[in-house]
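I have placed the structure first, in the form of C-alpha cells, so that the comments after it can refer back to it.
Values below: all heavy atoms of this structure, side chains included; hydrogens, waters and symmetry mates excluded.
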Amino acid sequence: MKKILLTVFMLASIALCGCQPRLNLFPDGTDPLIEKKLQGEGNDKVLVVSIDGTISDEGKRGLLGSAPSLVQEVSSRLKLAAEDDDIKALVLKVNSPGGGVTASDILYNEILRFKEKTGAKVVVNMMDVAASGGYYVSLPADHIMAHPTTLTGSIGVIFIRPKIDGLMDKIGVSVEVSKSGRNKDMGFPFKPDTPEQQKIIADIIKNYADRFQGLVKKHRSISEDKLKTIFTAQVFSAEGAKKAGLVDSLGYLPDAVKKACELAGIAENSQVITYKRKNYPNDTIYNSASSQTFSPALINIDAGNLMPPKAGFHYLWLPAAE
C-alpha cells in the first residue's frame, strides 16, 4: 500500500509542476533486451525463452506502460539469439492455452526458422498448460518435455463469435444490413447463419484443422490409432500425452536444460541465459518471462483478461484462455 501511495504522489507531483523528468518507473516494451546469465560457465550458451499466456500479435497498453505482443516478444529474442554464435541450444518454457490461428502459426514459423538458421537444438518444457496453439508452437522442438502436472493436447481449431439474435427477438429490436453479396454478413451476431454459411465456416475450420493435424504428423511419429484419439481435440495429462506420443518425456525445467546441453553436445554446466528488459537480483531459470512490463492495478485500464477472446478462428483451449 505504501508503494502505491508513493507512486500516486510522485505522479501527482509531476502533473502539478508540469515537469517531465526522465524517470523509468516501470519497464515497458521500449526498453532494450538485456542478456542475463542465470547459471553455468564457459562460452557455450543455452537460451531460455518463455511463451507465456494467450498467443497474440496484439500488444497491450496501460496508463503507465505498454507491453509488446507475445509474438513480438518471442520473435525479438529469437532474432537477437540468431546473432550469437555461442548459443547452441534453446529451451522454450511454454505455458499457454494457445491463441489466434495466425499468431500461433507465426511463432511456429519463427522457431522453425531460428532452428534452421542457427543449427541450435530446441527443447520445449511445458508448464501448467501447453494446449492447442501452445502445442502447435512446440512442434519444431527436437525434444518435448512436459512437467508432470501439465495439460496438453487440444489439437484442433475453434471459431468464436457472439450470437445474440435470440435476445434481439425477445426485446423486439432488429438490425438491418444492406450488403453486396449474400454471404457478406456471414457470422454476423444479430442473425443466424444460413445453411450455406454454416458449410463455409465448417470448411474453413476443416482447413485450419487439417493444417494443424498435418504438422503433428510431420513432426511426431504417432500411430494412426492414437492419432484418431488425438484429433478429437481432447486434452491430456502429462502421462496421457506421453503414452499418446505427443511428448517425449516428463521433467522439470532443469531437466530440460540438461537435455538441451546433451542434444547440443555441450557441457552440462554451460551458461544458461535469458533476455530481459530489466535486471533482477538473485535470478533463476524460472524467471525468464517474455516481458517484465508492469502497470499498477490501481491505474491499469487494460481489462482484456475479463473479456472472452475476440471473434475469429483460434488454436485455443478455451477453458484456460485469459
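Asn269 CG: more than 12 foreign heavy atoms inside a 6.0 Å radius. Other residues, nucleotides and ligands contribute at most 12 non-hydrogen atoms within 6.0 Å of the CG atom of Asp85.
Hydrophobic clustering (ILVMFWY, side-chain heavy atoms < 4.5 Å, transitive): Leu80 and Ile51 are in one cluster. Residues Phe212 and Val235 are members of separate hydrophobic clusters, defined by side-chain heavy-atom contacts under 4.5 angstrom among Ile, Leu, Val, Met, Phe, Trp and Tyr. Leu246 and Met126 end up in the same hydrophobic cluster when Ile, Leu, Val, Met, Phe, Trp and Tyr side chains are linked at under 4.5 Å. Hydrophobic clustering, with ILVMFWY side chains joined whenever heavy atoms are under 4.5 angstrom apart, groups Tyr108 together with Ile106. Residues Ile55 and Val101 share a single hydrophobic cluster, defined by chaining ILVMFWY side chains whose heavy atoms lie under 4.5 Å apart.
Using a 4.5 Å heavy-atom threshold, the side chains of Lys199 and Asp203 count as touching. Ile266 is listed as a side-chain neighbour of Cys261, based on a closest heavy-atom distance under 4.5 Å. The side-chain heavy atoms of Tyr136 and Leu215, taken from C-beta on, include a pair separated by under 4.5 Å. Here the side chains of Val137 and Tyr315 are not in contact, with every heavy-atom distance at 4.5 Å or above. Using a 4.5 Å heavy-atom threshold, the side chains of Lys36 and Tyr275 count as separate. Side-chain contact between Val123 and Val46: absent, with no pair of heavy atoms (C-beta onward) separated by less than 4.5 Å. Taking 4.5 Å as the limit, some side-chain heavy atom of Leu78 sits within range of a side-chain heavy atom of Leu90. Contact of the Thr118 side chain with the Ile87 side chain is not registered, since no non-hydrogen atoms from C-beta on lie closer than 4.5 Å.
Within the 3.5 Å criterion, the main-chain N or O of Ala238 finds no donor-acceptor partner in the side chain of Thr150. A side-chain donor-acceptor contact under 3.5 Å links Asn95 to the backbone of Val129. Using a distance-only test at 3.5 Å, with no hydrogens or angles considered, a donor-acceptor pair links the side chain of Asp142 to the main chain of Val122. Although no hydrogens or angles enter the test, the distance criterion places a donor-acceptor pair under 3.5 Å between the side chain of Ser132 and the main chain of Ser154. At distances below 3.5 Å, not a single donor-acceptor pair connects side-chain atoms of Thr54 with backbone N or O atoms of Gly99. No donor-acceptor distance shorter than 3.5 angstrom exists from the side chain of Thr232 to the backbone of Lys228, with no hydrogens or angles considered. Of the possible polar contacts, one joining the Ser96 side chain to the Gly53 backbone as a donor-acceptor pair under 3.5 Å is found. Although no hydrogens or angles enter the test, the distance criterion places a donor-acceptor pair under 3.5 Å between the side chain of Gln271 and the main chain of Gly42.
Within the model, atoms CG of Leu47 and CG of Asp84 stand 9.0 Å from one another, a figure rounded to the nearest 0.5 Å. Here CD of Glu116 is found 8.5 Å from CZ of Arg113. Values are rounded to the nearest 0.5 Å. Within the model, atoms NZ of Lys258 and CD of Glu268 stand 4.5 Å from one another, a figure rounded to the nearest 0.5 Å. Taken from NZ in Lys226 to CZ in Phe231, the straight-line distance is 13.5 Å, to the nearest 0.5 Å. Rounding to the nearest 0.5 angstrom, the gap separating the OG atom in Ser56 from the CG atom in Leu316 is 11.0 Å. Remark: Asp105 CG to Tyr208 OH distance equals 10.0 Å, nearest 0.5 Å.
Between Asp255 and Lys259, no side-chain nitrogen of the basic residue sits less than 4.0 Å from a carboxylate oxygen of the acidic one, so the salt-bridge criterion is not met. Ion pair Glu73/Arg77 flagged as a salt bridge, since at least one NZ, NE, NH1 or NH2 atom sits closer than 4.0 Å to an Asp/Glu carboxylate oxygen.
Applying the salt bridge (Lys or Arg N to Asp or Glu O under 4.0 Å) definition to pairs two or more places apart or across chains, those involving residues 230-249 are Arg220-Asp248.
Of the N and O atoms on the side chains of Asn183 and Gln197, at least one donor lies less than 3.5 Å from an acceptor on the other residue.
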Point to revise | Audit row: Thr102, Phe313, side chain to side chain contact (heavy atoms under 4.5 Å, CB included) steps and yes/no | key: CA-CA 9 Å; Thr102 300; Phe313 296 89; over 6 Å; no
Review point. Given the rule in the side chain to side chain contact (heavy atoms under 4.5 Å, CB included) test, do Thr229 and Gln234 qualify, once you have shown the distances and angles that lead to the verdict?
Key: CA-CA 8 Å; Thr229 301; Gln234 74 168 74; 3.4 Å; yes
Check your understanding: Can Ile204 and Val157 be said to form a side chain to side chain contact (heavy atoms under 4.5 Å, CB included), step by step?
Key -> CA-CA 10 Å; Ile204 294 172; Val157 60; over 6 Å; no
